[in-house]
*Asks:* 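One structure coming up, written as C-alpha cells, with questions to follow.
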Amino acid sequence: MMQKNNLSWKIGGEAGFGIKSAGLMFAQIFMKAGYEIFDYTEYPSLIRGGHNTYQLIVDTRPVNSVSREVDVLVALNINTINQNADELSSGGLIIYDSDKFKMPAKYQEHSFGIPLSTIAKEAGNELMRNVAAIGATLALVGQKLDIAGRIVRENFQRKGGAVVANNIKALKAGYDYVLKNHPVNFICVLPTRPPKDNILIAANESLALGALAAGLNFYAGYPMTPSSTILQYLATVAQQVGIVVKHAEDEISVINMALGAAHVGARAMIATSGGGFALMVESLGLTGITETPLVIVNVQRPGPATGLPTWTEQGDLQFVLRAAQGDFPRIVLAPGDAQEAFELGAEAMNLAEIYQLPVIILSDKFIAEGITTNKRLTRKGIKINRGKLLTTSQLTNIKKYQRYKLTADGISPRTVPGMSQGLFIANSDEHDEYGFSSESGTNRVAQVDKRQRKLETLAKKIPRPKIYGNLKAKKLIVIWGSTKGVVLDAYNELPEKQQKKIKIMHLQYIWPLAKNFIQEALKKSKDVLLIENNSNAQLGQLIAQETGVLIKNKILKYDGRPFFREDIRRALHNF
Amino acid sequence: MTEKDYLTTYKSTWCPGCGNFGLAIAMRKALAELNLDPAKVLIVYGIGCSGNGVNFTKTYAWHSLHGRAVPTAIGAKLANKDLTVIAMAGDGDGLGEGMGHFIHAIRGNADVTYVIHDNKTYSLTTGQAAPTSDRGFKAKTTPEGVIEEMANPVSLALAAGTSFVARGFAGNAEHLKEIFKAAITHRGFSVVDVFQPCVTFNTVNTFKWFFDRLYNIDQDATYNKNDLSRAFKESLIWGAKIPYGIFYQNNRPTYGDELPQLRGAALVKRPMTVRDIDRLVKSFA
C-alpha cells in the first residue's frame, strides 16, 4: 500500500463495450471527489469491434496532459493486453476479465483477474462489466462508493429504476470482489479531497460556450470528426438559447449559409476538420473579399485526405495561413486548452466583426475531445464589440454611403440588408468603394491595400505570446496551441533549479504574428527548442519566414498521438 | 415603387438582345408591383452572365461564388426573416456546380425564391454546353455533341419535394413578371426556371425556337397546379411542344416555420448582448 497524488487509469476493449461511457463516469466520480482530471481516448473510425481505450489522469494538481504510463489498466479483452500491457507503470496493476481470457504468463505477476462478466451477469446484464470494473478500481485505490453510486444513478436514471439498481449492484459487486480477494487490498490510496467548484468539459464544448456567451446566433455544420461535438452540442441547446443551428448538406453549403447569415448581421460560426476546411477554401476567399465577419473553427486531425480520422495532429497551420487564392487578411488563433478555447471562442466573435474578416480557430482532437476539469466558465469579462457596424442614425448622417470606403485603418463602415440608404453589393468580383464590379488597376491596388491595412491595424492590438517560467531564463521553448498543457505539466514537475533555467513561449494568437516580440525573445535566448505536433515544424517555418530566424532544435511528433508527459520530460531533460 | 427604383447607375454589360434583359425587367416590375423597398430585398447572385446582373439591379446584393448562391440565400433568410430573399443563378452555375445545393434547398423549403437563368449554355465562358443543353448539342467542349441527358430543373424540383416550381420565358416578360410575383409571395423555396436565350453563343435555342414550342399551362383551365403527378407528367413534355407556367404549388411549412426559436422578432433584430450561459455551464458540473 502506498500514497499517491495521481493516478493514470485506462480501460480497453472493443467498440461497443461501453469503454467511453465507463470512462466518463469514472471522470465524474473523481471530479466530484475533488480531483483534477484529464482524459484521452483512442478509438478507431468504426462503430463495432476494433480497439478502444479510454485513459484518465487523476491528480490533486491541475492536469492538462496524459502520460503514456498507466497505473491501473482495465482489460476487458485480450487485445488490451496485447496493445497496452507494456504501458504499465512500475508498481502498476492490470485488472482483467478472467471470464474472457487467461492472462499470459509474462504479465501474471502484475495482474489481478476478476470474473467481471459473471459479476455483471449476476447483476443483470453482461454489458455492465464496465461498471463492475469501475467498482473494482475504486476499491483498489481506496475510494468509497458513495459518490460513485450517485454518479451511476444519475447516468442511468433515464433508463429506469431497474437499470439503475442493476448497475449499482454491478458496481458494488466489483468493489466487494476486490476487497475480499485482492491479496494486498490497495495498490495505492488517493487521499480524500475537499470538493471544488469545477466543471468537466472538453475544448469543443467550451469553445461553443464562449461563442454563445459572445452572442453567437447562427451556426452551420457538417459532421466531421473531431469537430462534430461542437455541432451536436449547439444543436442540443439551439432551441433553449434561441439560435439557428443548421446541419447543411456539405461544408461548402455550411460556409456559404454562414456567410449569408453574417451578411445580414448574424454572429456566425462554423466548425469542421481539415478535409471540410479544404472544401470551404474558395468561400474563405469570398469571406475575405466581401469583408464579412465569420468565425471558422478547424479541429485538426492528421491528414492529408482522410488521414487518421480519430487521431490528433497540429498539421494544418500552414494550410490555413495560406488557404484560398490571392492575398487577403485573416486572423488565426490557437487555444491551448479548454479555458483558452472558451476565451478565444468569445474573442473571435468580436475580432471578426471589428476587423470584418475570417477568424480561424485552430484546435485539434487532443484538446477538442480531451475532457478536463476546468473552473466554472463565466461570461464575466466578455464584452460585445461590433466594430464599425453602423446604427440607423449614424447612417442617416452619411451622404453617400460606401461599404468599401478607403480608410486609414483599412476597416470600412458596415451596414446590413434592411437598413435604408445603406445599400451595397457584397461582391465576389474586385469592386469599387460602393461594391460595384471594377477592373480598374488603380482601384484594384487601392482595395487590396485597404484590406491589407487591417493587418497593420491588428498587429498593434493583437496580444503577445504568453511567457511561462522564468522570464530571464536563457533557454526558450517555443510552442503553440494544444501542446501547452503537456509542456507546462512536464515543466511543473521539474525541480526548481531546472525550472529557473527555462522559459516557455506559447502562441495562441498566431496570425498576424507578433513578429518583433518573437524576434526579440529568440535573440535574447541562448538555446531555443521548438515543439510541434506535426512533421514539418509549421510554426517554425512561419517564424523563419517572418523573423528570418530558423529554429533548428526541434521535437516533432506526428504518429497521430499527442505528446505524452514522458516525451516532454525526456525533451526537457536533454535540453 | 416603379421599375426604375430598382435600377442602378451601372451600365449593363449584357449583349444587345440578351434574354437577361427580359428577365431583369420582369423581376424589377414584380418587385415594384409588390411594393418592396429595395433596402428590404436581398438578391444573391451566382457567377456568370446572370451574376453580372448584380451591378444593374438596385437592392442589397451578394455576389456569390459559382454554384453557391442558394445556401447563401438560405442562411440570410434564416437570420433575417423580414427580408425578401432571392437567389439568381445560371443553368451551369445552379445545376452544374450547384446541383447538390438545389436539391437540398428544395428539401428544406426555406422561404427563398430561386431564379435559374436557363439559356442552355455557358455564355460568360464563351459558349460551352450546360447541364440543360439538349443531347447532341454541339459546343466548344462537346464538338461531337452532348452525350448526357438534359437536366430538367422542373422535374428535378418536383421529384425533390418542391413546394413551388414554375417555368418562365424572357420573351414573355409580362407573364414572367406574374410568375415572379407568385414565386416571391409563395412561402417556401420557390423555383423558377427561366428560358432566356443567349443571342451570342447559342444559335440553336433562340427566341424563335422557344416561341415555336412553348405553350402556357397557366392558360389551361383544366390544369390543376396542386396535382403533383399531373405536374410531373407535364414537366416531362419536351420536344415539338414545351410547357411553361406554374407547374406545381403546395403550402407545406417553411424551414423557418419549423424552428420554434425563430418565432417572434427576426434573429438579427434581437438585442446583441452578452448571453447568460450559467445554466448551460451547470450541465457540465
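Treat the numbers as computed from the prediction; the structure is a model and nothing was measured. Just so it is clear: chains get the letters A, B, ... in the order the sequence lines come, proteins before strands, and each one is counted from 1. Hydrogens, waters and symmetry mates are skipped; everything else that's a heavy atom, side chains included, is used.
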*Asks:* Would you confirm whether B/Tyr60, through its side chain, and A/Ala426, through its main-chain N or O, come within 3.5 Å as a donor-acceptor pair?
*Replies:*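 Checked: no pair found.
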*Asks:* Work out which heavy atom in B/Lys40 is nearest to a heavy atom in A/Ser420; give both atom names and the distance.
*Replies:*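 Minimum heavy-atom contact is NZ-OG, 4.4 Å.
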*Asks:* Nearest heavy-atom pair of A/Val264 and B/Ala79: which atoms, and what distance?
*Replies:*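 For A/Val264 and B/Ala79, the tightest heavy-atom pair comes out as CG2-CB, 3.5 Å.
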*Asks:* Just by distance, do the side chain of B/Asn55 and the backbone of A/Ser437 share a donor-acceptor pair under 3.5 Å?
*Replies:*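 Present.
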*Asks:* Which answer fits B/Arg279, side chain, backbone, both or neither, if we ask what part of it has an atom under 4.5 Å from a heavy atom of chain A?
*Replies:*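 Looking at B/Arg279, just its side chain touches chain A.
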*Asks:* Quick one: does A/Ile252's side chain get under 4.5 Å of B/Pro71's, heavy atoms only?
*Replies:*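 No, every pair of side-chain atoms sits at 4.5 Å or beyond.
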*Asks:* What part of B/Lys77 gets closer than 4.5 Å to chain A, counting heavy atoms only: side chain, backbone, both or neither?
*Replies:*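 For B/Lys77, there is no contact with chain A at all, as no heavy atom is under 4.5 Å.
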*Asks:* Would you call B/Thr8 and A/Phe436 a side-chain contact if the rule is heavy atoms closer than 4.5 Å?
*Replies:*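 Of all side-chain heavy-atom pairs linking A/Phe436 with B/Thr8, at least one is under 4.5 Å.
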*Asks:* Determine whether a donor-acceptor pair (N or O, by modelled atom type, separation under 3.5 Å) exists between the side chain of B/Gln261 and the backbone of A/Ile243.
*Replies:*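 Such a contact is found between B/Gln261 side chain and A/Ile243 backbone.
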*Asks:* Non-hydrogen atoms of chain A under 4.5 Å away: do they reach the side chain of B/Leu280, the backbone, both or neither?
*Replies:*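 Looking at B/Leu280, backbone and side chain both touch chain A.
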*Asks:* So, A/Arg379 and B/Asp278, do they make that salt bridge, N to O below 4.0 Å?
*Replies:*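 Result for this pair is yes, salt bridge flagged.
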*Asks:* Answer with side chain, backbone, both or neither: which region of A/Val244 has an atom nearer than 4.5 Å to a non-hydrogen atom of chain B?
*Replies:*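 Contact with chain B involves both backbone and side-chain atoms of A/Val244.
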*Asks:* For the pair B/Arg68 (side chain) and A/Ile255 (backbone), establish whether a donor and an acceptor sit closer than 3.5 Å, ignoring hydrogens and angles.
*Replies:*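 Looks like no, no N/O pair under 3.5 Å.
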*Asks:* Identify the two heavy atoms, one from B/Ala285 and one from A/Arg376, that lie closest to each other, and give their separation to 0.1 Å.
*Replies:*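 Closest pair (atom of B/Ala285, atom of A/Arg376, distance): CB-NH2, 3.5 Å.
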*Asks:* Do you know which of B/Leu65, B/Asp37, B/Ile277, B/Val281 has the most heavy-atom pairs under 4.5 Å to chain A?
*Replies:*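 Looking at each option in turn, the highest pair count goes to B/Leu65.
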*Asks:* Measure the shortest side-chain to side-chain distance between A/His263 and B/Thr72 over non-hydrogen atoms and say whether it is less than 4.5 angstrom.
*Replies:*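 No - every pair of side-chain heavy atoms lies 4.5 Å or more apart.
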*Asks:* Hey, could you give me the CD1/CG distance between B/Ile74 and A/Asn256, rounded to the nearest 0.5 Å?
*Replies:*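 One gets 10.5 Å once the value is rounded to the nearest 0.5 Å.
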*Asks:* Between B/Asp82, B/Asp276, B/Leu259, B/Thr273, which shows the greatest number of heavy-atom pairs under 4.5 Å with chain A?
*Replies:*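 Top count of heavy-atom pairs under 4.5 Å with chain A: B/Asp276.
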*Asks:* Select, from A/Ala346, A/Gly265, A/Ser253, the one with the greatest count of heavy-atom pairs under 4.5 Å involving chain B.
*Replies:*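 Ranked by contacts with chain B, first place is A/Ser253.
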*Asks:* Check whether any side-chain heavy atom of A/Asp250 lies under 4.5 Å from a side-chain heavy atom of B/His101, and answer yes or no.
*Replies:*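 The answer is yes, as the side chains (C-beta and beyond) meet within the 4.5 Å cut-off.
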*Asks:* So for B/Ile43, is it side chain, backbone, both, or neither that comes closer than 4.5 Å to the heavy atoms of chain A?
*Replies:*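 Contact with chain A: none, neither part.
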